[in-house]
Amino acid sequence: MRTFALYCRSIIMEYHFNEIERKWQTEWRKRRTYAVTEQTEKAKFYVLDMFPYPSGAGLHVGHPLGYIASDIYARYMRHKGFNVLHPMGYDSFGLPAEQYAIQTGQHPAVTTAHNIARYRQQLDQIGFSYDWEREVRTSDPSYYKWTQWIFGLIYNAWYNQETDRAEPIDSLIAKFESNGTYGVHAVCDEDWYKQMDAARFFFGPNFEGEFTATDWKSMNEEQQQLILMHFRLAYLADSVVNWCPALGTVLANDEIKDGVSERGGHPVEQKKMTQWSMRIRAYADRLLRGLDTIEWSESIKEVQRNWIGKSEGAYVEFAVQNSSHVIGVFTTRPDTIFGVSFLTLAPEHPLVLEIATDEQRGNVEQYMASAKLKTERDRQADVKNVTGCFTGAFVMHPFTDQLVPVWIGEYVLAGYGTGAVMAVPAGDQRDWDFAQKFNLPIPAIFEGIDVSQKAETSKESILAHSDFLNGLGYKEATKSVIEAIEAKGCGKGKINYRMRDAVFSRQRYWGEPFPIYYKNNIPYYLDPRQEQVTLPDVDKYLPTEEGEPPLARAEREAWNVWQGDRMEFNTMPGWAGSSWYFLRYMDPTNEEAFASPEKVAYWNQVDLYMGGAEHGTGHLLYSRFWTKILFDLGYIPFDEPFKRMINQGMILGRSSHVYRIAGTNQFVTAEKRDQYDTQQLYVDISLVDNDVLDLEGFKKWLPEYADATFILNDDGKYTCTFAIDKMSKRWFNVANPDDLCEKFGADTLRMYEMFLGPVEQSKPWDTKGINGVHNFLRKLTRLTMDKEGQIALSDESPTREELKVLHTCIKRVTEDLNRFSWNTVVSTMMICVNELTDLQCNKKAILEPLCILLAPYAPHLAEELWERMGHTESICDAEWPAWTAEYLETDAFEYPISLNGKTKFFLTLGIQLDQEAVTAAVLANEQTIKMLDGKSPKKVIVVPKRIVNVVV
RNA sequence: CCGGGUGUGGUGAAAUUGGUAGACAUAUCAGACUUAGGAUCUGACGCGCGAGCAUGGGGGUUCGAGUCCCUCCACCCGGACCA
């Protein structure tokens with residue numbers, strides 16, 4: 001009987017997290033606790049997570065780390081009285097669903113819907129405060145209708161450098177109609193006029209991109225459209241693209257890592273194709289300057305700065321001897337122009353074959369062919385191996401009129417600057433290496449600097465042998481040489497950007513179809529507000545035999561819209577839908593606009609954006625770009641999307657190894673593995689506790705281990721070794737949130753993920769400490785209950801000591817949350833509960849505010865206790881408690897007394913004592929006298945309520 | 001090679017402006033209560049017998065440095081022939 005009673009009691013006293021969590025998740029949904037509306041009288045706060053791609057693998061414990069942190073912050077801001085927008089959705093177009101479709105024939109929409117359902121279930125059990133009524137999916141036609149519409153805006157816009165913003169294309173057309181190109185300062189393809197098909201125009205060979213209003217008006221529509229295409233911010237152009245044959249698509253620069261595709265690691269080659277691009281270069285400088293206005297980590301800002309790659313210098317032209325050609329180069333060191341001893345062109349430079357002499361042509365062609373054979377990756381790996389070839393041609397130095405030989409070399413990249421460099425061996429190490437290898441002169445151009453061993457690359461030196469630049473430093477020389485170059489008409493000062501325009505079309509099925517059709521090969525935009533092009537069904541998700549994108553397989557009847565000769569068969573890249581999704585959350589069901597202007601004005605910028613740092617040059621750059629366009633065109637009142645961003649670290653897996661003796665089914669413990677010839681095998685982490693293997697579980701795990709035998713260590717245990725890897729099924733080290741929610745509850749999981757350490761840090765997942773957090777929640781529960789498990793709170797007024805404990809906690813939790821220190825909040829609350837337990841405090845006046853502090857972290861338990869305390873409203877709307885400074889005060893402070901900065905003993909003194917009184921009290925103390933040992937103190941430093949330091 | 005970051009007990013980590021280094025957990029050990037415990041409670045736990053020494057190494061500024069400055073080392077992430 002007694003045993004049974006005890007058993008019952010322990011059950012009652014248990015913290016029934018499963019029951020509580022299920023109850024409140026249902027209740028919240030029923031009450032629409034997290035639905036949010038625009039309330040203009042209330043201050044808003046927008047907390048956003050990077051929405052996930054719903055992969056088939058589901059969530060592992062690493063994914064929710066950022067979601068939990070942002071959820072805590074969102075709940076905290078709600079308690080503080082803000083109207084908080086905290087939405088979630090899915091970036092549901094993408095490659096994996098398509099590849100699965102290719103393999104199985106399953107429509108990607110089906111796979112995607114299935115995966116989303118699984119994600120939703122996993123997210124729900126963690127208890128997030130998302131307003132699911134605002135969910136978006138990028139693959140939903142009602143969403144991508146507006147992605148298409150924004151594409152249309154960009155397509156129908158140009159960049160006016162006079163106003164430094166994008167404008168509707170109509171304003172450019174108006175300029176052409178009234179004054180032709182006169183007074184037009186647009187960002188457009190450089191030398192666009194050279195690309196024009198002369199046969200279609202009446203322009204002569206000397207056409208340099210200028211025409212009159214009369215010219216414009218005499219053009220037919222086709223000709224006008226062809227010209228406008230060079231000015232549009234979304235444009236169709238023949239460009240050299242990164243083509244991935246294995247994936248059958250082009251890739252953007254940020255989708256390539258080490259010369260292979262980021263997804264799948266397939267080789268990538270350069271190929272000339274007609275593709276849609278976005279003129280992001282027009283925004284290079286604004287994207288750079290905007291970084292100074294937002295609170296992002298320095299590292300991610302730096303990544304963007306490098307990607308944009310602004311460099312200032314000059315564009316200089318060199319005339320080719322006995323030829324009408326000129327070679328333009330970009331240099332950041334025009335001041336070293338008198339040190340030019342040769343020019344180097346990239347092997348792909350268009351003039352190479354034009355200028356090569358007959359004697360050299362054979363060599364040049366051979367060199368070009370060998371360079372072409374190398375992949376981008378080989379070329380990068382082979383940096384130290386200097387190669388090159390003389391073209392036989394010479395150019396004239398603009399100042400000395402000396403003849404300078406023209407070489408080609410792999411170290412010059414076709415895609416940067418003009419694809420040609422003026423080589424100054426004295427001032428650039430690569431040029432120096434090249435000169436050294438091919439016995440080219442290395443003229444000395446710096447005062448007192450020997451350049452026979454290496455180049456002088458610092459900008460500190462004074463110029464010599466440089467005509468009018470002699471005696472000048474880098475800065476003055478650069479200024480003066482640019483003036484001279486401009487006066488001579490052979491160049492100009494120039495700012496160059498490394499960033500390329502972004503290729504915007506993909507030869508894939510599972511993406512947004514373009515709102516574009518073609519007539520006579522001229523593209524025309526279809527406004528999706530009138531007629532939306534949706535994805536047609538296809539029989540297969542592969543490119544056609546002719547290499548056309550999968551959409552070309554769709555029968556004409558399969559398209560809901562068909563106009564002109566044909567539709568656009570490319571689809572948009574993954575970053576299209578994710579570049580503006582944060583705006584759609586503001587007004588997700590609007591059918592008239594991407595979002596109403598009032599709602600956009602109210603919710604405004606994202607105040608806190610949480611997500612991984614791996615999108616630095618992709619999503620985060622593109623969404624800034626689109627935001628600026630929407631701002632320029634007057635659709636939104638801000639030009640940076642994410643005011644503050646925090647990048648959560650990656651959670652790595654801790655995988656465990658066992659050692660099998662070669663050729664047997666016997667396993668040896670880690671301590672003794674050196675004595676045998678062993679093979680290391682991965683073992684499922686659920687079978688390992690604290691590096692000790694569960695032998696029975698191991699035998700049952702896989703059939704091949706059923707009759708395994710073991711050599712144990714001296715304690716009779718089998719010890720495993722471990723390694724830190726990415727979480728993957730391969731290593732059996734995936735920890736998923738479902739199991740943990742089942743075993744410990746969502747509240748414990750939430751708190752534990754925060755307790756692990758600073759969110760921004762990457763760390764291995766380890767469940768060692770999870771019991772500590774779980775016990776904390778149980779301990780807190782116990783404070784509120786009597787032995788029968790009933791809520792038992794006292795209405796007595798709290799003691800001063802209890803108030804001090806509570807208010808210290810309020811202060812620290814509030815301050816820590818304000819500085820996004822999620823991890824220290826957990827220990828602060830633990831300290832508070834430990835102290836209240838020692839005080840045996842069960843007073844409502846103390847526990848009620850504590851409950852609110854807990855609510856952002858452990859919303860289910862907090863809600864349950866709140867209800868048991870007699871509240872009928874959700875704790876989510878409870879006002880955040882304020883701390884009272886008076887309660888934090890004590891009348892005495894235990895001063896550490898130190899001698900020359902080393903703590904020796906402690907002395908408790910009243911806090912009302914001033915510095916002199918403290919000094920007197922300390923010097924009079926017998927321990928001080930003993931410490932001084934007869935020496936007289938030089939001075940005594942007193943920092944009130946901190947420390948006393950006696951200096952001798 | 002360049003840029004960003006990190007370096008503190010067996011482990012995860014605290015220490016907001018320079019002011020008692022190691023809070024809070026976890027692991028381990030010892031003990032209590034139990035038929036039992038992944039429960040609860042008590043205690044020990046950086047190194048050293050000690051005076052002392054300790055925040056990657058060395059130097060500096062300061063009454064006082066994990067924190068600021070210089071320099072070197074290690075690791076992680078990112079970029080890399082960008083003219």
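Residue numbering restarts at 1 for every chain, and letters A, B, ... go by the order of the sequence lines.
Nucleotides A23(B) and U16(B) place their C1' atoms 15 Å apart, quoted to the nearest Å. C24(B) and G46(B) have their P atoms separated by 13 Å, given to the nearest Å. The same atom, P, is picked in U71(B) and in G78(B); the two are 27 Å apart, to the nearest Å. With C1' as the reference atom, U42(B) and A51(B) are 32 Å apart, rounded to whole Å. Distance noted for atom C1' between G64(B) and G56(B): 23 Å (whole Å). If you take atom P in U67(B) and the same atom in G9(B), they sit 15 Å apart, rounded to whole Å. Taking atom C1' in both G18(B) and C68(B), one finds a spacing of 8 Å when rounded to whole Å. Straight-line distance between the C1' atoms of A54(B) and G22(B): roughly 11 Å, to the nearest whole Å.
With rounding to whole Å, Glu456(A) atom CD is found 17 Å from A83(B) atom C1'. Computed from coordinates, the Lys494(A) NZ to A83(B) P distance equals 12 Å when rounded to whole Å. When rounded to the nearest whole Å, the span between CZ of Arg946(A) and P of U17(B) equals 11 Å. To the nearest angstrom, P of G38(B) lies 13 Å from CG of Asp694(A). A straight line from CD1 of Ile897(A) to P of U20(B) spans 13 Å, rounded to a whole angstrom. For the pair Ile770(A) CD1 and G38(B) C1', the interatomic distance rounds to 12 Å; values are reported in whole Å.
Backbone-only contact: Ser299(A) has heavy atoms under 4.0 Å from sugar-phosphate atoms and none from a base. Heavy atoms of Phe906(A) sit under 4.0 angstrom from at least one base atom. Lys938(A) comes within 4.0 angstrom of no nucleic acid atom, judged by non-hydrogen atoms across all strands. Contact annotation for Asp431(A): no contact, since no heavy-atom pair falls under 4.0 Å across all strands. Residue Ile831(A) is in sugar-phosphate contact alone, with no base atom involved, counting any heavy-atom pair closer than 4.0 Å across all strands shown. Counting non-hydrogen atoms under 4.0 angstrom, Ser311(A) reaches the backbone sugars and phosphates but no base. Using a 4.0 Å heavy-atom criterion, one finds that Gly309(A) contacts no nucleic acid atom at all. Across all strands shown, Asn823(A) has heavy atoms under 4.0 Å from sugar-phosphate atoms exclusively, and none from any base. Among the atoms of the strands shown, none is found under 4.0 Å from any heavy atom of Phe820(A). At a threshold of 4.0 angstrom between heavy atoms, the contacts of Pro758(A) are confined to the sugar-phosphate backbone, with no base atom among them. Residue Gln761(A) is classed as a sugar-phosphate contact, given heavy-atom separations below 4.0 Å to backbone atoms only. Base engagement by Val421(A) is indicated by at least one non-hydrogen atom pair under 4.0 Å involving a base atom. Across all strands shown, Phe755(A) has heavy atoms under 4.0 Å from base atoms, whether or not it also approaches the sugar-phosphate.
Checked by distance alone, Arg819(A) brings no side-chain donor or acceptor within 3.5 Å of a matching partner on the base of U17(B).
In this entry U6(B) has A74(B) as its Watson-Crick or G-U wobble partner, both defining distances falling under 3.5 Å.
Residues Asn647(A) and Ser297(A) come closest through the heavy atom pair OD1-OG, 3.6 Å. Across Met727(A) and Leu652(A), no two heavy atoms sit closer than the pair CE-O, 3.8 Å. Nearest heavy atoms, Leu693(A) versus Cys720(A): CB-SG, 3.8 Å.
A syn base is found at G9(B): its glycosidic angle is within 90° of 0.
Using a 4.0 Å cut-off between a side-chain N of Lys or Arg and a carboxylate O of Asp or Glu, Lys454(A) and Asp433(A) do not qualify as a salt bridge. Arg305(A) and Glu298(A) are joined by a salt bridge, as a carboxylate oxygen and a charged side-chain nitrogen come within less than 4.0 angstrom of each other. Salt-bridge formation is detected for the pair Lys811(A)/Glu815(A): a Lys NZ or Arg NE/NH1/NH2 atom is positioned less than 4.0 Å from an Asp or Glu carboxylate oxygen.
In the set A83(B), C24(B), A15(B), A15(B) carries the atom at the smallest distance from any side-chain atom of Thr824(A). Distances were taken from every side-chain heavy atom of Asn775(A) (C-beta onward) to each of A39(B), G4(B), C81(B); the shortest belongs to A39(B). Candidate nucleotides A13(B), C24(B), G19(B) were compared by shortest atom distance to the side chain of Ser827(A), and C24(B) ranks first. Checking G4(B), U20(B), G19(B) against every side-chain atom of Glu302(A), the shortest atom distance belongs to G4(B). Distance from the side chain of Met830(A) is smallest to A25(B) among G64(B), A25(B), U20(B). Nearest to the side-chain atoms of Leu413(A) among the listed nucleotides A39(B), A13(B), A83(B) stands A83(B). Residue Lys768(A) has its side chain nearest to U11(B) when only C53(B), U11(B), G64(B) are considered. Distance from the side chain of Asp428(A) is smallest for A83(B) among the nucleotides U40(B), C53(B), A83(B). Comparing C63(B), A23(B), C81(B) by their nearest atom to the side chain of Val951(A) picks out C63(B).
Phosphate proximity of G52(B) to Lys904(A): present, with a side-chain N or O under 4.0 Å from OP1 or OP2. OP1 or OP2 of G64(B) has not a single side-chain nitrogen or oxygen of Ser898(A) nearer than 4.0 Å. Of the side-chain N and O atoms in Asn834(A), one or more sit less than 4.0 angstrom from OP1 or OP2 of A25(B). Residue Asn771(A) places none of its side-chain N or O atoms closer than 4.0 Å to OP1 or OP2 of A39(B).
Looking at residues 327-338 of chain A, you'll see Phe330(A), Thr331(A), Thr332(A), Arg333(A) sit with a heavy atom under 4.0 Å from some atom of RNA chain B.
Legend: side-chain hydrogen bond (donor to acceptor under 3.5 Å, both in side chains) pairs involving residues 416-428 of chain A, not counting sequence neighbours, sorted by first then second residue: Ser311(A)-Tyr416(A), Tyr416(A)-Asn496(A), Asp428(A)-Arg430(A).
Distance OG1/Thr781(A) to NZ/Lys779(A): 12.0 Å, rounded to 0.5 Å.
Here the options are Leu909(A), Val943(A), Thr908(A), Ile947(A), the test is side chain to side chain contact (heavy atoms under 4.5 Å, CB included), and the partner is Tyr895(A); only Leu909(A) passes.
Between Trp822(A) and Glu753(A), the closest side-chain pair of non-hydrogen atoms is not below 4.5 Å.
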- request: Tell me, with the steps shown, if Asp335(A) and Phe338(A) meet side-chain contact (heavy atoms from CB on, under 4.5 Å).
  value: CA-CA 8 Å; Asp335(A) 58 312; Phe338(A) 287 94; over 6 Å; no
